[in-house]
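Data block below; observations after.
Worth saying up front: this structure is predicted, and the values here are computed from it rather than measured. Every chain is numbered from 1, with letters handed out A, B, ... down the list of sequences.
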2 protein chains.
Amino acid sequence: MTTTGEGTDHRAPSGPPAAAADLPAATVRRLPEYLRALSSLGESGIETVSSETLAAATGVNSAMLRKDLSQLGASGMRGVGYNVAALAAYIAGVLGLTKDSRVAIIGLGHLGQALARYPGFSERGFDIVGLFDADPGIIGKDLDGIRVRDVTLLAGAVRDEGINIGVIATPGAAAQHVADLLVDAGVTSILNFAPCVLAVPQGVAVRKVDLAVELQILSFHEHHKTIGRANAIERS
Amino acid sequence: MTTTGEGTDHRAPSGPPAAAADLPAATVRRLPEYLRALSSLGESGIETVSSETLAAATGVNSAMLRKDLSQLGASGMRGVGYNVAALAAYIAGVLGLTKDSRVAIIGLGHLGQALARYPGFSERGFDIVGLFDADPGIIGKDLDGIRVRDVTLLAGAVRDEGINIGVIATPGAAAQHVADLLVDAGVTSILNFAPCVLAVPQGVAVRKVDLAVELQILSFHEHHKTIGRANAIERS
DNA sequence: GTCTGTGAACCACTTCACAGCG
DNA sequence: CGCTGTGAAGTGGTTCACAGAC
């Protein structure tokens, strides 16, 4: 399945990930990190982990980890710690990773092609099932067994193939149009790599990743590395 | 230069980006967005912009934009707004984009190759001057005119070629080793795409981008899209 | 009148510190 | 005795609302 790959042999070790609907955004952001650290621990054969250890592996404060997990409604044995396999399964459940997501990538320039071939997606339960572009020079191309289709076929594919996440890797100028296509077709989760702000209706979740922005933030720190004010750089 | 490309003809329109050293992290994160929006406005020939308009273009509250800019020490004419070209130049100065940065990418799998060819980097003043990998099958390969070198040559290249930003696009298992090489060679800014937490000494800035994490956060929202609680999804 | 700059209130998240369970 | 779970305190960031410049 998606998560541990190791651990003991029970399928659903903990109770059902019940009422974990309105977690703080900051907590949600950390859950994938916890999950990754737990997978890594599980592969090392470790069965139990303390909040202190797991927090160190994810770069957070142990109290925050405990608070996150308790808000989430889960586990932990006092005096002992957390069961690695059970906790991983629980978090995976909260994140909705029990059922694989179906992803379309729109825009297959260099970045889009790299995303299409990035093994980390399928490894973690995200099936890339559709590739779309507007450039006739790219349409028809085969990327690791998936053929790039014309973007005009996007809406039909979303419906017919159960696509529920759209990844926009087009130039900025095309991004809003693609977002509109996705939203009209019923997609409510979008990951945007284009350098622009997308307008979407309420209820549609958009996350934005701008690689150049990250470099510019580093540039800022680099530029102001004069005095010994080297604190507060992490987690900026 | 790095930023507007358009606008009026004065080179250094505003005063020197003086004492903007210890800005709040949240502000620094937004500066590149402001800059991008300003570039876009400048290309449209717009010379002046109100905080309201610029805030809308970047998806933030106008009061926050004004506060950011005033903290930064800059500009603004009451009753009128901000001079687009001057403000862009000012922000570029604060971010340290007046001098181009020299970037090395380590790890040239699919993602690293895409990053090496991503035009957005050079467009915004980041010169990719070094590509390094440990795989003999990749070393020697030419990517858009840059030859991939053996990672053992990294330290020397950092010193000889003035590399000041390292981008790690290796598998997780190799990332810490590469980070150590970079730090030992004197690099103090690292952008990490590997799915792991890096340990670095104080004074070294690390930013982490994990593409799968972004999808997992979307998965969470997708999974909990039951009730009409569609607020607070943006900016999570 | 318009739009900036900013004190004050508000809110969210983080850290501390410790009570309580195993 | 160790480690979780959590109230309480602290911190940082956002929004409000308005005084003041143009």
Between D/dT14 (P) and B/Arg29 (CZ): distance, integer Å
11 Å
Output the rounded distance in Å from CG (A/Asp22) to P (C/dC13).
11 Å
Would you call B/Asp68 and B/Arg29 a salt bridge, using N to O less than 4.0 angstrom?
no
D/dG2 phosphate, OP1 or OP2: any side-chain N/O from A/Tyr82 under 4.0 angstrom?
no
Nearest whole Å is fine: how far is C/dT6 C1' from B/Leu69 CG?
13 Å
Look at the side-chain N and O atoms of B/Arg30 and state whether any lies under 4.0 Å from the OP1 or OP2 oxygen of D/dT14.
yes
Using atom CG of B/Asp68 as one end and atom P of D/dG12 as the other, report the distance to the nearest whole Å.
16 Å
Rounded to whole Å, the CG-P distance (A/Leu54 to D/dC3) equals 14 Å
All heavy atoms of A/Ala37 vs all of A/Ala57, minimum pair found to be CB-CB, 4.1 Å
Side-chain N or O of B/Ser51 less than 4.0 angstrom from OP1 or OP2 on C/dC3?
no
Separation of atom CG in B/Leu72 from atom P in C/dT6, rounded to whole Å:
13 Å
If you look only at distance, which donor and acceptor atoms sit under 3.5 Å apart when one is on a side chain in residues 180-191 of chain A and the other is two or more places apart or in another chain?
from     : atom 1 : to       : atom 2 : distance (Å)
A/Asp180 : OD1    : A/Gln176 : NE2    : 2.9
A/Thr188 : OG1    : B/Glu222 : OE1    : 3.1
A/Thr188 : OG1    : B/Lys225 : NZ     : 3.1
A/Ser189 : OG     : B/Glu222 : OE1    : 2.5

Nearest-Å distance, CZ (B/Arg78) to P (C/dC3)?
14 Å
Return the orientation label for the B/Phe121 and B/Tyr118 ring planes: parallel under 30°, perpendicular over 60°, tilted otherwise.
perpendicular
Taking the minimum atom-to-atom distance to the side chain of B/Ala25, which one of D/dT15, D/dG13, C/dG22 wins?
D/dG13
Please report the distance, rounded to the nearest Å, between OH in B/Tyr34 and P in C/dT4.
13 Å
Whichever of B/Val49 and A/Pro24 has its nearest DNA chain C nucleotide further upstream toward 5':
B/Val49
Side chain B/Lys67 and base D/dT14 donor-acceptor under 3.5 Å
no
Do any side-chain nitrogens or oxygens of B/Ser70 fall under 4.0 Å of OP1 or OP2 in C/dT6?
yes
Out of D/dT15, D/dG5, C/dT4, whichever nucleotide has its closest atom nearest the side chain of A/Arg66:
D/dG5
Are OP1 or OP2 of C/dC13 and a side-chain N or O of A/Asn61 less than 4.0 angstrom apart?
no
Contact between A/Arg124 and B/Pro195 at the side-chain level, heavy atoms closer than 4.5 Å - yes or no?
yes
